[in-house]
Protein chains: 2
Amino acid sequence: MLSDPIARIRRFHRAVTSEVGVLDASFLGRGRPLGPARVLNAIGSGRRDIRDIRAYLGLDSGLMSRLLRSLEAEGLIEIEGNASDSRRRSARLTGAGALEYAAYEALSDAQAAEILDKHQARERLLAAMDLIATTLGRDRIVIEEARPGDPRSQSCLSAYYGELAARFERGFDVSLSADPEARDMERPRGSFLLAVSDGLPVGCVGLKGTDKGYAEVKRLWIAPAARGLGLSRRLMEELERIAIELGYDRLRLDTNSALPEAVGLYRNSGWTEIARFNDDPYPDLFFERIIAGAGARTGASTGVGAEPAAG
Amino acid sequence: MLSDPIARIRRFHRAVTSEVGVLDASFLGRGRPLGPARVLNAIGSGRRDIRDIRAYLGLDSGLMSRLLRSLEAEGLIEIEGNASDSRRRSARLTGAGALEYAAYEALSDAQAAEILDKHQARERLLAAMDLIATTLGRDRIVIEEARPGDPRSQSCLSAYYGELAARFERGFDVSLSADPEARDMERPRGSFLLAVSDGLPVGCVGLKGTDKGYAEVKRLWIAPAARGLGLSRRLMEELERIAIELGYDRLRLDTNSALPEAVGLYRNSGWTEIARFNDDPYPDLFFERIIAGAGARTGASTGVGAEPAAG
DNA sequence: CAATATATCTGACTAAAGTCAGGTATATCA
DNA sequence: TGATATACCTGACTTTAGTCAGATATATTG
C-alpha cells in the first residue's frame, strides 16, 4: 500500500499469526498432545499410507511409530499391512477414531466461525483470503475430470453464467443459449474438467461432443481469485489431450468480443478465426483448431499473460 | 468464492500456515531455541517491561525468569530495576543484543523476500495481504498526530492526490488547488492526523487554520485496504476534538460530488451544505459545521456504512 | 544369487517447554 | 498497622518432541 513489499508481507504475517493463529489451537483442546493430534488428522483427512504421512508431517520414523502406537492404544486407529509391498503399513480410523476426528473438525469450524463473526463476514475479506490461498497454493492446483452434474462443476457453471450476465451489455440467459446437454460433456462423447485448489473448484472447461466431425470447447471459466496463474492454458492443454484420446482431430469454439482475455488466449495459442457455425445469439467470434497433426499442439511458448475470465 | 465462508477461512488458514509459516523459521536459524529468541525479539521490538513481555508471550513467571537469565548469560540483554515500582524489572538490549536482534530482522526480511520472489510480487497479492492485515488488526489501529512533512503523512498525501487524479474526469493537479501550507496544518494553527495500523499509515486528515474565524478540514483519505472500518469517522471525531482545543467553534470543508462516500459521511454526521466560500477550481460542494455548542457533536449513532476514499 | 535399499519398529537418549511449590522483596488496601 | 496482593526468582519436576543406533523383514538391483 504505502510501504515496501517486504514490510507489507511481514505485516501480513504478524497479523495472521497473532489473529488467525488461534486456529492452530484446534489441534489442542482435546486433551491430546500436538503430535498424535496431527497424525490423527492426517489419517482422518484421507492419508492412509504411513510413509506418506511421515513425509507430509516431516516426522522421524521412530517418532512416527510411537505416535501410531499411542493412537492405537487409545483405540482410535488400526494398522494394516499393504498388499503390494509388505514392508509398508496403512492406518485406518476406527469408529471411535472417526468420532474424534469429527470433533477436531468441529473445533476448527468453531474457530473459523469466530473469526467470521468478529469481522462480520465481509465479502471483501473472504475474497482476499481466497486470492491468497489460491496464489500461495498454485503449485498444488490440480486439473481433474468431473461430471457436469457434480456440485463442484455446477458451482463453477453458475459463477460463469453470473459473470457473463455482468459482462454482456444485454445480460445472459442460459436458456436462450445452446446449453450443452450434460451427456455431450461426458465420456465417451465429451468431457468436463475442473481446476481444483485445495478442494475448492477454481476453474472449469467443457468438451462437447458433436456428430459433425468436431468437438466444441465450452464454458471456460477461471475464478477471479485464480486469474493470472496460467490455469486456463493448463485446462485447455488437458482438454485437448482428452479430445485426441476420444478420437477428435478438430476443435471449435464460439466466444464473445466482450471477453477479451479469452479471445487473446485463443489467438495466441494456435486457434484460427472462422465464420459463424451456429445460430446461438450470444457469440460473435468463432474459432477452430486442428489437433491431430504434429505441430498443431498448443504452443507452450506462445505464452499470453492475460487469463480469460470466461470464454 | 464458491463455498461456505467457514470452509474459505479454513482453506486460507491451511494455505497460510503451510506456505507463509516458513516465516516462523526466522525465530530459529540462529542456534537458539524458540523461547529465548521470542523474548529477545520482544525486547528488540520495544517491549521493555518484563511483566508486559510475560503477558504478551503468555509465559509462566518461572520460565520467563530462566529465559532472561539465558539471554543475560549470552550478554545480549541487561536487566534493570523500575524507578516507580521496585518489584518490577525492565530489560534492555546490549550492543551485542542489538546486533543479534538485527540479524533476526534480516532473517525475517529474507524469508519475506523469498515469498515475494516465488509469487512474483504481484500487486494483487500484496493488496490482499494489506486488506487482511488491516482488517484483522482493526482494533489496534491508532489515530495519532503527525506533522504534514512526516514521511508517513507524505505517503498518504501522495496516495490521496493519485486517487483524486483517477476519480476526477479532468484529473487533479495539486499546484492548481489551494494546497494548505504545512504551517497551517500544524499546531498552534491547525493539526494533521494519521490512522496507523501496525506501523503503516492507512488514512489521514488535516485541520487547516485560517484567520477568518473558522478552520478547514482538508485531505481526508482512507487507504483502500482500510475502508469500511469506520476510520474516517474516528479521524473526524478526533480532529473535531483538537479543533475545539485550539479554540475554533466552526469548521468548513470543500469537496466534490465525484467523491460520494465522503459527501455521504458529511451529510450524515451533522454538516450543513453552504454556498461556495473559495475559488479553488476542484470542489463543487461546500459544508459547514458548528462544533462549540452542545448538541453539535458528531452523532455517533447516525452511522453511515460507506467509507470516504477521499474528501 | 548377493549386495543394497527401504519401511517399520524398539530402546536409550537429549533438549525444550512448561508446571508447581515455595521464597523474597515490595506495594497496596482496609 | 497488619493482611493481602504483586513481581520476580529458584529448584524440582513432568511432558513433549525429537535424535540416533541398531534390529527385522521385505523389496530391488546388478
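Order of the sequence lines sets the chain letters (A, B, ...), proteins ahead of strands, with each chain counted from 1. The basis for the numbers below is simple: all heavy atoms, side chains too, and nothing from hydrogens, waters or symmetry mates.
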A.B. asks: Starting from the 5' end of DNA chain D, give me the residue, Ala83(A) or Leu67(A), whose nearest nucleotide shows up first.
C.D. replies: Leu67(A)

A.B. asks: Nearest to the side chain of Ile50(A) - dT8(C), dC9(D), dC8(D)?
C.D. replies: dT8(C)

A.B. asks: Without decimals, in angstroms, what is the distance between Leu68(B) CG and dT10(D) P?
C.D. replies: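 Rounded to the whole Å, the gap is 10 Å.
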
A.B. asks: Tyr104(B) and Leu28(B): which non-hydrogen atoms are nearest, and at how many Å?
C.D. replies: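 Looking at all heavy atoms of both residues, the closest pair is CE2-O, 4.3 Å.
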
A.B. asks: Please state how far atom CZ in Arg48(B) lies from atom P in dC8(D), giving the value in whole angstrom units.
C.D. replies: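 Going from CZ in Arg48(B) over to P in dC8(D) covers 14 Å.
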
A.B. asks: Salt bridge between Glu78(A) and Arg89(A), side-chain N to carboxylate O under 4.0 Å?
C.D. replies: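 A salt bridge is absent here (no side-chain N lies under 4.0 Å from a carboxylate O).
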
A.B. asks: Nearest to the Pro36(B) side chain among dA17(C), dC8(D), dC9(C), which nucleotide is it?
C.D. replies: dA17(C)

A.B. asks: Of the candidate nucleotides dC8(D), dG18(D), dT8(C), which contains the atom at the shortest distance from the side chain of Arg89(B)?
C.D. replies: dC8(D)

A.B. asks: Between the side chains of Glu74(A) and Arg69(A), is the shortest nitrogen-to-carboxylate-oxygen separation below 4.0 Å, so that they form an ion pair?
C.D. replies: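 Salt bridge: no.
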
A.B. asks: How close or far is atom P of dG18(D) from atom CG of Leu34(B), stated in whole angstroms?
C.D. replies: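 Interatomic distance, CG of Leu34(B) to P of dG18(D): 12 Å.
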
A.B. asks: Over how many whole Å does the gap from Met64(A) atom CE to dA7(C) atom C1' extend?
C.D. replies: 12 Å

A.B. asks: Consider the side chain of Arg66(B), meaning its heavy atoms from C-beta on, and name the nucleotide among dC20(C), dA16(C), dA17(D) that approaches it most closely.
C.D. replies: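 Looking only at heavy atoms from C-beta outward on Arg66(B), the closest nucleotide is dC20(C).
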
A.B. asks: Nearest whole Å is fine: how far is dA7(C) C1' from Ile53(A) CD1?
C.D. replies: 14 Å

A.B. asks: Using a cut-off of 4.0 Å on non-hydrogen atoms, how would the nucleic acid contact of Ser86(A) be classed: base, sugar-phosphate, or nothing?
C.D. replies: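 Here Ser86(A) touches the backbone only, sparing every base.
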
A.B. asks: So what does Asp60(A) hit on the nucleic acid, given a heavy-atom distance under 4.0 Å: a base, only sugar-phosphate, or nothing?
C.D. replies: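 The residue Asp60(A) makes base contact.
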
A.B. asks: Could you go through Arg241(B) and Glu245(B), starting from their C-alpha distance and side-chain angles, then the distance that decides it, and tell me whether this counts as salt bridge (charged side-chain N to carboxylate O under 4.0 Å, His left out)?
C.D. replies: CA-CA 6 Å; Arg241(B) 200 191 55 69; Glu245(B) 191 181 311; 3.0 Å; yes

A.B. asks: Closer than 4.0 Å, any side-chain N/O of Arg69(A) to the OP1 or OP2 of dC9(C)?
C.D. replies: yes

A.B. asks: Counting distance alone, no hydrogens or angles: does the base of dT6(D) have a donor or acceptor under 3.5 Å from a partner atom on the side chain of Arg87(B)?
C.D. replies: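 Under the 3.5 Å cut-off, the side chain and the base do form a donor-acceptor pair.
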
A.B. asks: Got more than 12 heavy atoms from elsewhere within 6.0 Å of CZ, Arg147(A)?
C.D. replies: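 Count not over threshold, so no.
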
A.B. asks: In whole Å, I'd like the distance from the CZ atom of Arg51(A) to the C1' atom of dT26(D).
C.D. replies: 14 Å

A.B. asks: Using OP1 and OP2 only, check whether a side-chain N or O of Arg88(A) sits under 4.0 Å from dT26(D).
C.D. replies: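 Checking Arg88(A) against dT26(D): no side-chain N or O falls below 4.0 Å of OP1 or OP2.
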
A.B. asks: Side chain of Leu63(A) only, please: which of dT8(C), dT16(D), dG18(D) is the nearest?
C.D. replies: dG18(D)

A.B. asks: Nearest whole angstrom, please: distance from the C1' of dT8(C) to the CG of Leu59(A).
C.D. replies: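 Leu59(A) atom CG is separated from dT8(C) atom C1' by 14 Å.
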
A.B. asks: Can you tell me the distance, in whole Å, between the CG atom of Asn82(A) and the P atom of dA7(C)?
C.D. replies: 11 Å

